[in-house]
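Have a look at this one before I ask anything.
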Amino acid sequence: MSRAITMEEPIRVGILGGGQLADMLALAGYPLGLRFRVLDPNPAAPAGHLAERLTGAFDDPAALDRLADGVRVITYETETVPVTAVRHLRLRGIAVRPGRRPLHVTRDRFHEKRFLGRRGIPTAEFRLVTSEAELRRAVDELGTPVIAKTRTLGYDGRGQTRIHSARDVSAAWNAGNGRPLIVERFVAFRRELSLVCVRSLTGEIRYYPLVENVHVEGILRTTTAPAPGITAAIQTRAESIGKQLLETLDYVGVLAIELFETTDDLLVNELAPRVHNSGHWTIEGAACSQFENHLRAILGWPLRPTCARGHAIMLNTIGRIPSPADIAVDEDAFLHDYRKTPRPRRKVGHVTLVDSDPERLAVRARRLAPILAEIERGAP
């Protein structure tokens with residue numbers, strides 16, 4: 001096992017990806033004395049205002065070498081990073097955490113489903129299809145409705161098509177541009193949950209409370225933490241899934257597990273080998289944020305508590321960022337601006353509300369939600 005890095009050493013952390021997740025990692029790390037360098041194909045990647053930003057492709061060996069120069073550890077904020085990038089960095093002797101295997105498993109939905117199935121972790125029934133004829137046969141076998149998803153690069157509802165009847169098959173196949181698809185039986189779930197958990201370099205594991213997520217058109221709109229009505233048995237079941245995944249993958253860092261709660265079990269929808277949108281509430285709403293604990297994990301530092309500080313609701317701002325004046329209806333709202341160019345359906349920020357009273361918190365969220373929706377409708 002690699003030597004733990006002491007807190008007294010000056011440390012620079014490298015991040016593959018320079019989006020808002022890298023930005024929030026840097027915000028969490030600066031009070032700890034950390035400094036950051038990011039690599040991103042986008043020359044305007046948001047994390048560049050806090051970190052040294054390198055512009056280049058993730059598979060460019062020269063760019064990867066510049067990223068690695070003088071850093072103690074490298075992490076990634078996106079599953080779009082190719083496994084070859086991690087392999088190149090490891091050959092240079094640079095620690096990359098979580099590492100190659102979690103990335104290989106999670107960046108391809110077929111690999112992920114097969115990995116979960118082989119370990120007895122329940123998911124929606126699915127088929128891999130490589131032609132329109134196979135798609136039609138999968139729809140016949142699974143029944144409708146089903147969800148057709150691209151194997152890679154699907155995010156915020158992109159790369160996903162719902163098939164309601166056999167008449168939709170040709171259009172769904174064409175929408176995928178002939179790429180192999182995963183076809184999933186529709187799950188009649190009670191609600192969507194997620195578990196954010198973290199494992200340290202020494203194998204210590206901590207779990208945040210289960211949260212409830214609401215998606216609209218594939219985009220996460222709100223996260224409520226802790227999820228209302230969660231029993232100890234459901235939390236324990238989720239944590240058992242998390243423990244199995246973390247230990248099987250020899251995982252170091254934050255892992256997010258998206259779940260469907262059904263009438264009799266939890267099904268895993270997707271995994272995210274990184275800090276996650278459904279964990280943003282932890283910045284203000286938990287004893288230690290997912291971002292600080294991720295950094296602590298990859299550096300070999302002790303983890304901090306993951307308990308909630310009361311109750312929280314996170315609302316994503318879509319299309320256009322509100323101003324502080326826009327959300328002044330709630331003077332205790334925490335606004336996070338990702339400094340992204342406004343665009344329809346794009347997450348450009350989030351607002352978090354924290355309260356000791358869950359009913360009062362829900363009232364505050366209902367008062368703020370229409371304001372954010374009106375701002376979204378005005379997005380360019």
Side-chain angles (χ1 to χ4, degrees), residues 1 21 75-81 83 86 95-126 149 151-152 154-155 182 184 187 189 192-213 220 223 225-227 230 232-262 264-279 282 286 290-291 293-298 300 303 306:
M1 181 172 290
L21 299 179
T75 191
Y76 42 83
E77 61 131 34
T78 171
E79 300 92 308
T80 62
V81 172
V83 174
V86 177
V96 182
R97 299 177 182 131
R100 183 191 65 80
R101 192 179 180 208
L103 190 62
H104 171 76
V105 167
T106 59
R107 74 188 309 271
D108 183 314
R109 286 188 171 99
F110 176 63
H111 292 162
E112 183 174 284
K113 296 285 188 188
R114 186 170 57 179
F115 171 83
L116 292 168
R118 287 175 174 174
R119 283 148 188 86
I121 298 174
T123 68
E125 187 178 357
F126 74 97
K149 302 178 179 180
R151 287 179 61 172
T152 60
Y155 190 63
I182 291 291
E184 297 179 359
V187 175
F189 55 85
E192 295 177 85
L193 304 172
S194 60
L195 178 73
V196 173
C197 47
V198 58
R199 183 173 181 265
S200 74
L201 194 59
T202 61
E204 177 190 7
I205 298 175
R206 296 203 180 208
Y207 308 94
Y208 288 92
L210 277 167
V211 300
E212 180 176 349
N213 301 314
L220 179 61
T223 295
I230 287 295
I234 296 174
Q235 180 75 31
T236 299
R237 169 61 172 149
E239 291 180 6
S240 70
I241 293 172
K243 185 175 190 292
Q244 182 180 358
L245 293 172
L246 291 167
E247 292 182 344
T248 300
L249 292 168
D250 194 21
Y251 197 96
V252 176
V254 163
L255 173 70
I257 307 170
E258 297 181 20
L259 301 155
F260 293 133
E261 182 185 13
T262 66
D264 54 5
D265 201 1
L266 295 175
L267 304 184
V268 173
N269 180 27
E270 291 187 354
L271 308 176
R274 52 175 171 79
V275 287
H276 191 255
N277 193 180
S278 69
T282 63
Q290 64 167 342
F291 301 99
N293 263 334
H294 181 77
L295 294 170
R296 286 176 167 274
I298 66 175
L303 302 180
T306 50

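On a predicted model such as this, the values are computed, not experimentally measured, just so you know.
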I need the minimum non-hydrogen distance between Ala225 and Val211, along with the two atoms involved.
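Closest approach of Ala225 to Val211: CB-CG1, 3.4 Å.
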Crowding at CZ, Arg101 (>12 non-hydrogen neighbours, <6.0 Å)
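Correct, the count exceeds 12.
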At their closest point, which heavy atom of Ser200 faces which heavy atom of Ala297, and how far apart are they?
CA-CB, 4.1 Å
Which residues share a salt bridge (Lys or Arg N to Asp or Glu O under 4.0 Å) with Arg237, sequence neighbours left out
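Testing Arg237 for salt bridge (Lys or Arg N to Asp or Glu O under 4.0 Å), a comparison that skips the adjacent residues, returns Asp265.
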Nearest 0.5 Å, please: how far is CG in Leu245 from CD1 in Ile257?
5.0 Å
Measuring from atom OG1 of Thr152 to atom CD of Glu79, what distance do you get when rounded to the nearest 0.5 angstrom?
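Result: 11.0 Å between the selected atoms.
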Side-chain contact test, heavy atoms from C-beta onward, threshold under 4.5 Å: evaluate it for Pro98 versus Leu103 and give yes or no.
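No. Closest side-chain heavy atoms not under 4.5 Å.
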Would you confirm whether Arg151, through its side chain, and Phe110, through its main-chain N or O, come within 3.5 Å as a donor-acceptor pair?
no
Working to the nearest 0.5 angstrom, can you tell me the gap between Thr262 OG1 and Leu267 CG?
5.0 Å
Do any N or O atoms from the side chain of Arg199 and from the backbone of Tyr251 form a donor-acceptor pair under 3.5 angstrom?
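Checking the backbone N and O of Tyr251 against the side chain of Arg199, a donor-acceptor pair under 3.5 Å is found.
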Do the side chain of Glu77 and the main chain of Arg274 share a donor and acceptor less than 3.5 angstrom apart?
no
When rounded to the nearest 0.5 Å, the distance separating CG of Leu303 from CG of Leu295 is 11.5 Å
Quick one: does Tyr76's side chain get under 4.5 Å of Thr78's, heavy atoms only?
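No, their side chains stay 4.5 Å or more apart.
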Is there a side-chain contact between Asn293 and Thr282 (heavy atoms, below 4.5 Å)?
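Not in contact.
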Decide yes or no on side chain to side chain contact (heavy atoms under 4.5 Å, CB included) for Leu195 and Gln235, but give the supporting numbers first.
CA-CA 9 Å; Leu195 178 73; Gln235 180 75 31; 3.9 Å; yes
Of all heavy-atom pairs between Ala227 and Glu212, which one has the smallest distance, and what is that distance?
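Looking at all heavy atoms of both residues, the closest pair is CB-N, 3.5 Å.
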Specify the closest pair of heavy atoms between Val86 and Gly99, including all atoms of both residues, with the distance to one decimal.
CG1-C, 4.1 Å
From Cys197 SG over to Lys243 NZ, what is the distance, rounded to the nearest 0.5 angstrom?
12.0 Å
What residue pairs, at least two apart or across chains, pass side-chain hydrogen bond (donor to acceptor under 3.5 Å, both in side chains) with a residue in residues 111-124?
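Output for this query lists Lys113-Glu184.
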Under the rule for side-chain contact (heavy atoms from CB on, under 4.5 Å), what residues qualify as partners of Glu261, not counting sequence neighbours?
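So Glu261 forms a side-chain contact (heavy atoms from CB on, under 4.5 Å) with Arg190, Arg191, Leu193, Ile234, Leu266.
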Quick one: does Asn213's side chain get under 4.5 Å of Glu258's, heavy atoms only?
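Answer no - side chains too far apart.
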For Val196 versus Ser278, what's the shortest heavy-atom pair and its separation?
CG2-OG, 4.2 Å
Could you please spell out the steps behind the side chain to side chain contact (heavy atoms under 4.5 Å, CB included) verdict for Val187 and Asn269?
CA-CA 10 Å; Val187 175; Asn269 180 27; over 6 Å; no
For the CD atom of Glu270 and the CZ atom of Arg109, what is their distance to the nearest 0.5 Å?
4.5 Å
For residues Tyr208 and Ala286, report the shortest heavy-atom separation together with the two atoms involved.
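Smallest interatomic distance, heavy atoms only, reads CE2-CB, 3.9 Å.
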Will you find, in the side chains of Ser194 and His276, an N or O donor that is under 3.5 Å from an N or O acceptor?
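Ser194 vs His276: no donor-acceptor pair found between side chains.
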Between Arg107 and Thr80 (side chain of the first, backbone of the second, donor and acceptor by atom type, cut-off under 3.5 Å), is there such a pair?
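Such a contact is found between Arg107 side chain and Thr80 backbone.
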Should Ile205 and Glu247 be marked as a side chain to side chain contact (heavy atoms under 4.5 Å, CB included) after you check the CA-CA gap, both sets of side-chain angles, and the distance that decides it?
CA-CA 9 Å; Ile205 298 175; Glu247 292 182 344; 4.0 Å; yes
